[in-house]
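These numbers were taken from a predicted model, which means no experiment stands behind them.
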Amino acid sequence: MRRRLLVTALLVVGLLVWSITAPPADGATPSWRLKFADAFNTPVAKGKLSDCNHNPDTLRAYCDGLSGAVRANWWAYPKGWPDTATQRSYPVGGFYDPASTVWISGGQMHIRMWRAASGPVHSAAVVPKKLMGQKYGRYEERWRVSKAAAGYKSAHLLWPVSNDACPNCEIDFPEGNWTGGVYGFAHHLNSLGGDQDAYDAHTTWTAWHTTVIEWKPGRVTFAIDGRTVGRSTTAVPNTAMSWDIQNETALEGRAPAPHTSAQMDIAYVKGWTWG
């Protein structure tokens, strides 16, 4: 459930300064303000999300194989970063490899994870740069798993800019094995032992769904296709987080078999600030 280790040493002070949403004007009522949307109208060939290890996990991060607005809007975990299963020394784990797993065509972002005859899974995680480092926000995406296979999962999550500022903070939705159910998890601020609120969306991955995380002061709400899945008000994180659309080796059940692959398609993403 928890993602790869943060490269906190490379964070810059400017990210925190930029990321904190300013309070509303005197007398104004806080509201959602759209900050970023992408319907994937610019094609990107497979292989272009390459050389992504530039200023990782900061607003200055970029993938050198991209250009134009796509380069300005998107970053990916660099090739060779270990996924969670590898960090935990599972018999079969993965390493992120955006050049071989992510491309844009037909108005969709496609994420195809795979495993060869032997060796690790090629995992994929993409990050909308303009939504990095926000304090509170609304995060919406429309997606489906067009090809499911055992051993592949998602954990699309909010992760703190600084572990020191928000120990054990994490907000996950959608999360789960692609051959199983869809879940949401709200990890508690400063919790010990992984305290969290967990919610079952009572649906599967292989149909089109629209999922939303709403993170406000003191409250996290998960919704799917306009239906509220859960609402957490316990020790809600209160520091800057980034939205990581993370896909990787499953942590429960069967490991990915040799010569298998699985694919997710994303039709759009949107993000709002709160204030």
Side-chain angles (χ1 to χ4, degrees), residues 1-4 40 43-50 52 74 76-128 141-157 172-185 200-211 224-225 243-269:
M1 189 177 305
R2 288 177 173 78
R3 70 168 177 124
R4 78 297 181 277
F40 303 116
V44 174
K46 186 182 290 186
K48 291 294 186 181
L49 254 77
S50 60
C52 298
W74 289 94
Y77 293 3
K79 182 175 182 177
W81 279 18
D83 72 7
T84 308
T86 295
Q87 291 176 42
R88 296 182 181 180
S89 301
Y90 279 35
V92 177
F95 292 88
Y96 292 102
D97 183 12
S100 79
T101 55
V102 183
W103 72 100
I104 297 173
S105 66
Q108 297 174 7
M109 175 179 279
H110 307 287
I111 296 171
R112 176 183 173 272
M113 296 186 287
W114 58 280
R115 188 183 180 207
S118 61
V121 169
H122 295 252
S123 299
V126 292
V127 181
E141 56 180 321
R142 184 160 178 80
W143 53 265
R144 68 169 178 179
V145 170
S146 53
K147 180 184 179 183
Y152 300 90
K153 69 165 290 188
S154 286
H156 297 184
L157 57 97
D172 310 84
F173 189 62
E175 180 170 0
N177 292 1
W178 286 359
T179 53
V182 178
Y183 300 91
F185 299 92
D200 187 345
H202 298 289
T203 193
T204 60
W205 292 83
T206 52
W208 281 106
H209 295 295
T210 301
T211 50
I224 189 166
D225 303 328
W243 188 28
D244 297 346
I245 300 174
Q246 177 181 277
N247 311 278
E248 59 181 3
T249 312
L251 303 178
E252 297 93 18
R254 290 170 51 195
H259 299 295
T260 59
S261 65
Q263 181 170 320
M264 170 177 278
D265 306 316
I266 303 177
Y268 71 80
V269 298

With a 4.5 Å limit on heavy-atom distance, are the side chains of Leu49 and Val44 in contact?
yes
Audit row: Tyr96, Gln246, side chain to side chain contact (heavy atoms under 4.5 Å, CB included) steps and yes/no
CA-CA 10 Å; Tyr96 292 102; Gln246 177 181 277; 3.5 Å; yes
Ala99: partners by side chain to side chain contact (heavy atoms under 4.5 Å, CB included), with sequence neighbours left out
Ser50, Asp97
Hey, could you give me each pair passing ring pair (Phe, Tyr, Trp, His ring centres under 6.0 Å) that has a residue in residues 247-269? Not counting sequence neighbours.
none
Name all residues meeting the ring pair (Phe, Tyr, Trp, His ring centres under 6.0 Å) criterion together with Phe173; count only those two or more places apart in sequence or in a different chain, and write none if there are none.
Phe222
Who pairs with Lys147 by side chain to side chain donor-acceptor pair (under 3.5 Å), at least two apart in sequence or on another chain?
Ser261
State whether the side chain of Ser154 and the backbone N or O of Asn247 hold a donor-acceptor pair below 3.5 Å, judged by distance alone.
no
Which value, rounded to the nearest 0.5 Å, describes the distance between Met113 atom CE and Asp83 atom CG?
8.5 Å
To check you understand the geometry: which heavy-atom pair defines the closest contact between Ala117 and Pro258, and what is its length?
O-CB, 3.2 Å
Could you pull out all residues at least two apart from Asp225 that satisfy side chain to side chain donor-acceptor pair (under 3.5 Å)?
His209
First locate atom NZ of Lys153, then atom CD of Glu248, and finally report the distance between them rounded to the nearest 0.5 Å.
5.5 Å
What one should report as the nearest heavy-atom pair of Pro120 and Phe95 is CB-CD1, 3.8 Å
Could you give the distance from NZ (Lys79) to OG (Ser100), rounded to the nearest 0.5 Å?
7.5 Å
For Trp205, what residues pass the side chain to side chain donor-acceptor pair (under 3.5 Å) criterion, not counting sequence neighbours?
none
For residues 106-117, which residue pairs qualify under salt bridge (charged side-chain N to carboxylate O under 4.0 Å, His left out), counting only residues two or more places apart or in two chains?
none
For the residue pair Asp244 / Tyr77, report whether a side-chain donor-acceptor contact shorter than 3.5 Å exists.
yes
Taking all non-hydrogen atoms of both residues into account, name the closest pair between Trp74 and Val126 and its distance.
CZ3-CG2, 3.9 Å
Shortest non-hydrogen pair, Pro98 vs Ala76, comes out as CB-CB, 3.7 Å
All heavy atoms of Arg144 vs all of Ala207, minimum pair found to be CB-O, 3.5 Å
Where is the tightest heavy-atom contact between Gly94 and Thr249, given as atom of each residue plus distance?
N-OG1, 3.3 Å
Under 4.5 Å between any side-chain heavy atoms of Leu251 and Tyr90, yes or no?
yes
Output yes when a side-chain donor or acceptor of Tyr152 lies under 3.5 Å from a complementary backbone atom of Val121, and no otherwise.
no
Just so I know, are the side chains of Pro174 and Tyr183 near enough to count as touching, which here means a heavy-atom distance under 4.5 Å?
no
CZ-CG distance between Phe185 and Leu157, expressed to the nearest 0.5 angstrom
12.0 Å
Name all residues meeting the side chain to side chain contact (heavy atoms under 4.5 Å, CB included) criterion together with Thr101; count only those two or more places apart in sequence or in a different chain, and write none if there are none.
Trp114, His122, Ala124
What pairs with Ala267 under side chain to side chain contact (heavy atoms under 4.5 Å, CB included), at least two apart in sequence or on another chain?
Arg142, Trp208
Can you list the residues that meet the side chain to side chain contact (heavy atoms under 4.5 Å, CB included) rule with Ile266, with sequence neighbours excluded?
Phe40, Met109, Ile111, Glu141, Trp143, Ile245, Met264, Val269
With sequence neighbours left out, what residues match Asn177 under side chain to side chain donor-acceptor pair (under 3.5 Å)?
none
